[in-house]
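Worksheet: one structure, shown below.
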Amino acid sequence: MRRTRAAAALAIVTALAATTAGCGGGTGSGGSPKTLTYWASNQGPSIEADKKILTAELKKFEKQTGIKVKLEVVPWSDLLNRILAATASGQGPDVLNIGNTWSASLQATGALLPWDQETFDKIGGRERFVDSALGSTGAPGENPAAVPLYSMAYALYYNKKAFEDAGIDGPPATWEELVADGKKLSKDGTWGLGVEGSNLSNNIHQVFALAQQHDADFFDASGKPDFTSDGAVAAVKQYVDFMAKDKIVAPGNAEYAQNQSLQDFARGKTAMLLWQTAATTFKAHGMSPDEWGVAPVPLPAGAPDDGTVPNSMVAGINMAVFKNTDNLDGALKFVEFMTSDEEQKILNKTYGSIPPVKAAQQDEAFNTPDLTVLRETLAKSAVPLPQVPEESQFETAVGTAVKELFADAAAGRPVTTESVRERLTKAQQQMPK
């Protein structure tokens, strides 16, 4: 990259200062070797469910080490801004979860502990983790800014009864089939597809994979933003058109940002959903596993299905340590505990994700039909988002552009190639020069 680490960090913090103002960071452990603070990401059906799940595991850690962990589960809509505010103020938690797509951006701030070989050795060694998960832990050629915790990919979830009632034999393999099926399914208060139109990260995940299918990327080879290429514009329009043109997404989905689309699917309000590891949430909302099916994310018509065409970003959650923690030894012990073979089995089974730890991934629990689809997608057809310092700003700028386009669609305003390009041009202008 042409820009220095310090400049990148300053740009990230400055550009988001307005949104992070008033978002306080954590308080740290205050130097106590018997206390840690931990910001966890919302992985389950609700914040309260995560607290219940994680508190049981944290009690095990406290019993083993005598170290008490103060837990806060942070919603995805707040997490990035909370972290950036903490990196700017220097007052963050001891340990935190980050979206793996943010690794290089947060690495550029210099606030996270680098994971060199010596540090990895303290948690059992780098070789314990699968390569695909390690590939999204920071900029190439640098020591990782975090370690993998949960691995995921996108899949298409579909309601079996809704498909049967509509006379549809099986899940769509192409986008053209998805739209056709969605129109058959959109009737009597049910909609074909659910989206999270106000969820900036999810917007990015979807349009990035579509852009790959349009032979486009959002950054050029030198790392310079390239949001307005024909392929990028086509990808964003294709995604928003599910609501604007195809009419298979409910207009109210434009306001969704807190997993409401998963609730709608579980309640039979939508028949299809593109999501990462959704099984735990569906079960929590009363669905039986035999009520839904899982298939790979569709491809363009005529595209080979041999894994050479991307259909998902490399998804996952990493675990990081703030460099200025007053309890580094305790923080490393906690990361070691959370990435241990046994905890990896427990946590990933609970959340329906895939362990990034090789030994844990061999457990039979991860050979279920839905997890097999996700694991094969990760291994064959998932592509990591750009590991560049400006990635988090990309998510904010382009994710907001997609959000605004969904708002246009919901309000009945036309979504055209020109209006999409205009929004993406505005997003690119927000990126650091």
Side-chain angles (χ1 to χ4, degrees), residues 23-80 82-83 86 91-100 123-124 146-152 258-259 262-263 266 276-286 316-322 325-357 360 363 365-366:
C23 299
T27 58
S29 61
S32 170
K34 296 299 182 182
T35 306
L36 289 171
T37 56
Y38 173 42
W39 287 357
S41 49
N42 179 201
Q43 300 302 128
S46 68
I47 298 293
E48 291 304 315
D50 279 327
K51 288 180 181 178
K52 183 176 181 181
I53 291 165
L54 292 172
T55 296
E57 303 312 306
L58 300 184
K59 286 181 178 177
K60 294 181 188 176
F61 176 71
E62 183 177 3
K63 185 176 181 180
Q64 292 176 16
T65 65
I67 300 173
K68 180 178 178 61
V69 179
K70 296 179 180 179
L71 170 68
E72 181 179 0
V73 181
V74 184
W76 280 106
S77 56
D78 298 336
L79 186 58
L80 180 57
R82 289 284 302 277
I83 295 170
Q91 297 186 13
D94 298 289
V95 185
L96 71 160
N97 289 1
I98 65 173
N100 67 354
I123 65 167
V147 298
L149 184 64
Y150 312 123
S151 287
M152 307 173 199
Q258 300 285 350
N259 296 355
L262 280 80
Q263 297 174 32
Q276 314 168 31
T277 59
T280 300
T281 299
F282 295 157
K283 292 176 185 176
H285 286 291
I317 311 303
N318 293 341
M319 198 173 205
V321 174
F322 259 87
T325 176
D326 293 322
N327 191 357
L328 178 58
D329 183 63
L332 293 178
K333 287 180 179 177
F334 183 51
V335 175
E336 180 183 23
F337 170 80
M338 293 289 281
T339 59
S340 65
D341 293 355
E342 188 60 29
E343 280 304 307
Q344 280 286 289
K345 293 176 186 178
I346 293 170
L347 291 170
N348 283 280
K349 284 178 187 177
T350 301
Y351 287 130
S353 48
I354 300 167
V357 173
D363 192 281
F366 304 107

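Checked by atom type, the side-chain pair D50/N42 shows a donor-acceptor distance below 3.5 Å. Between the side chains of Y150 and N97, no donor-acceptor pair is found at a separation under 3.5 Å.
The distance from the CD atom of Q344 to the CG atom of L149 is 6.0 Å, given to the nearest 0.5 Å. Note that CZ of F334 is 10.0 Å distant from CD1 of I67, once rounded to the nearest 0.5 Å.
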Item checked: F322 vs L96, side chain to side chain contact (heavy atoms under 4.5 Å, CB included): CA-CA, chis, key distance, verdict -> CA-CA 8 Å; F322 259 87; L96 71 160; 3.6 Å; yes

Next item on the list: Show your reasoning for whether side chain to side chain contact (heavy atoms under 4.5 Å, CB included) applies to M319 and V95.
Entry: CA-CA 7 Å; M319 198 173 205; V95 185; 3.7 Å; yes

Item checked: Trace of the side chain to side chain contact (heavy atoms under 4.5 Å, CB included) decision for F282 with L262 -> CA-CA 7 Å; F282 295 157; L262 280 80; 4.3 Å; yes

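The shortest side-chain heavy-atom distance between Q43 and W76 falls under the 4.5 Å cut-off. With contacts defined as side-chain heavy-atom distances shorter than 4.5 Å, the pair V73/S41 does not qualify. Between F366 and N348 the shortest side-chain heavy-atom distance falls below 4.5 Å. Looking at heavy atoms from C-beta onward, P93 lies in side-chain contact with W39 at the 4.5 angstrom threshold. Looking at heavy atoms from C-beta onward, K345 lies out of side-chain contact with P355 at the 4.5 angstrom threshold.
Contact check on K34 versus E62 returns no salt bridge, with no Lys/Arg side-chain nitrogen under 4.0 Å from an Asp/Glu carboxylate oxygen.
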List the atom pairs, donor and acceptor, that lie under 3.5 Å between side-chain atoms in residues 52-61 and the rest of the protein, sequence neighbours left out.
from	atom 1	to	atom 2	distance (Å)
T55	OG1	K51	O	2.6
E57	OE1	K60	NZ	2.9

Acceptor/donor pairs from residues 335-342 side chains to any protein atom, 3.5 angstrom cut, sequence neighbours excluded:
from	atom 1	to	atom 2	distance (Å)
T339	OG1	V335	O	2.8
S340	OG	F337	O	2.7
S340	OG	E343	N	3.3
D341	OD1	R128	NH2	3.0

